[in-house]
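This report refers to the structure that appears directly beneath it.
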There are 2 protein chains.
Amino acid sequence: MARGRQRGEADTASEILDVAERLVQVRGFNGFSYGDVASELEITTAALHYHFAGKAELGEALIERYGARFADALGEIDQHDADPAQKLEAYADLYLDVLRDHRMCLCGMLAADYDTLPKPMRNAVVRFFDDNEAWVGGVLEHGRAEGTLQFTGSASDAAQMIVSGLEGAMLVARPYGDTDRFQAAASRLLAGLTHTPRRRRRKPASLA
Amino acid sequence: MARGRQRGEADTASEILDVAERLVQVRGFNGFSYGDVASELEITTAALHYHFAGKAELGEALIERYGARFADALGEIDQHDADPAQKLEAYADLYLDVLRDHRMCLCGMLAADYDTLPKPMRNAVVRFFDDNEAWVGGVLEHGRAEGTLQFTGSASDAAQMIVSGLEGAMLVARPYGDTDRFQAAASRLLAGLTHTPRRRRRKPASLA
DNA sequence: GTCTATAGGCAGATAGAC
DNA sequence: GTCTATCTGCCTATAGAC
């Protein structure tokens, strides 16, 4: 049969990616070593080099897989949710799931490490944010056209704030070990778009 | 006289902190070494160990000084700006100044590295966020009482979103090398508090 | 205060056996 | 595919001279 390995459930390359991914998300790209991955999988670093030429290539593979998985998740949201506001909530929940695992967003973490990354990894990180902002921007445009979402300026600007706001909420929530903290910030970020706050002693909109 | 040194304008300890601070803000706590600091100052790592027992102690000193400087800046804002909305803008400008220097917020960066930090550094990072959120929360409460700021929920919750939102905006803007990107996100974060958006075909507030 | 010298460890990486 | 063995280099840290 097609799987004659003696260790692990999945193929070694996937297991390496799994472990390395978690290590990057928890410790940062400069906070783990080939040795860490190898010892966790009970193999040697030489075996790692067989599957990934070096740490840079491993990093590239990490972002590629993470981005693809995220893209899949966005596709699923598109399928299951029609309402833009619900889509945004589902989007924020993707981040929440990562945080619940005591992890930072892979690319948020790599954004912190950005200046130390090899060029191909840098490009892949930026691509991740571009893709996410494009998707969120599309949802926002749709919602505005529909009348269910309200915001000023361009959809891509607003999308950029949503994405970076969620990244920041994760970043700061992790030291507190507090997912509620993230959820409060995430709701608040989206609340500004999904419903207009009741006004407080303000001139009527006629002035606008 | 009180300064008989042969190198540098300031005392060595301060110069070490200056260099180390920039390195942490640009490369992260695990992205620089004692050797990097030493070679930049054209001294040896042994000299560094004279001033700071180890990297952990250097890190603690870094956060302490950064926090104190930030607290000073907040005090200055309190002196010069009376209007809560202006205070918030001035607050965001503190972050902008850091970003213009191609740096991440020190504690934002350390939040990413959090899981790899020694305990005393962790505590100091959380304290930094607590202090910032407390100050922003105070501004928000004042603004709401005054009627110049509008937001739902607790001031501390809203403050938490502002702080983490600004951190995230920095985090994501840095890979793009784009301060405009930060400014757009920062304005949008604050816009939700400083003026209520004009409503779009919505049921009147009577339903709420 | 800063140096030289050095320790001991771990980093990423490679050659070659099996 | 995975191993052993090994390399080179850098890491943090310390001892002791000046």
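Keep in mind it's a predicted model, so treat the numbers as computed, not measured.
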As a test of understanding, state which of Phe70(B), Phe128(B), Tyr91(B) forms a ring pair (Phe, Tyr, Trp, His ring centres under 6.0 Å) with Trp135(B). Tyr91(B)
Report yes or no: does Arg144(B) contribute a side-chain atom to a donor-acceptor pair with the main-chain N or O of Phe151(B) at less than 3.5 Å? yes
Which is it for Thr116(B) and Asp113(B) under the side-chain hydrogen bond (donor to acceptor under 3.5 Å, both in side chains) test, yes or no, and what are the steps along the way? CA-CA 6 Å; Thr116(B) 69; Asp113(B) 298 327; 5.1 Å; no
Short side-chain to backbone donor-acceptor contact, Gln160(B) and Arg181(A), under 3.5 Å: yes
note: Leu48(B), atom CG; dC11(D), atom C1'; distance rounded to Å ~ 13 Å
Spacing between Phe52(A) atom CZ and dG1(D) atom C1', to the nearest angstrom: 14 Å
Between P on dC10(D) and CG on Asn30(A), what's the gap in Å once rounded to a whole number? 16 Å
Counting just side-chain N and O atoms, does Thr12(B) come under 4.0 Å of either OP1 or OP2 of dT2(C)? yes
Can you give me the N/O atom pairs linking the protein to nucleotides 11-18 of chain C at distances under 3.5 Å, or say none if there are none?
unit_1, atom_1, unit_2, atom_2, d
dA11(C), OP1, Ser33(A), OG, 2.9
dG12(C), OP1, Lys55(A), NZ, 3.3
dG12(C), OP2, Tyr34(A), N, 2.7
dA13(C), OP2, Lys55(A), N, 3.1

Interatomic distance, Leu41(A) CG vs dC3(D) P [rounded to whole Å]: 10 Å
Whole-Å distance separating the OH atom of Tyr50(B) from the P atom of dC3(C): 13 Å
Hey, does the side chain of Asp81(B) reach the backbone of Asp83(B) with a donor-acceptor pair shorter than 3.5 angstrom? no
Can you sort out the partners of Phe182(B) under ring-ring contact (aromatic ring centres under 6.0 Å, His included), two or more places apart, ordered by chain and number? none
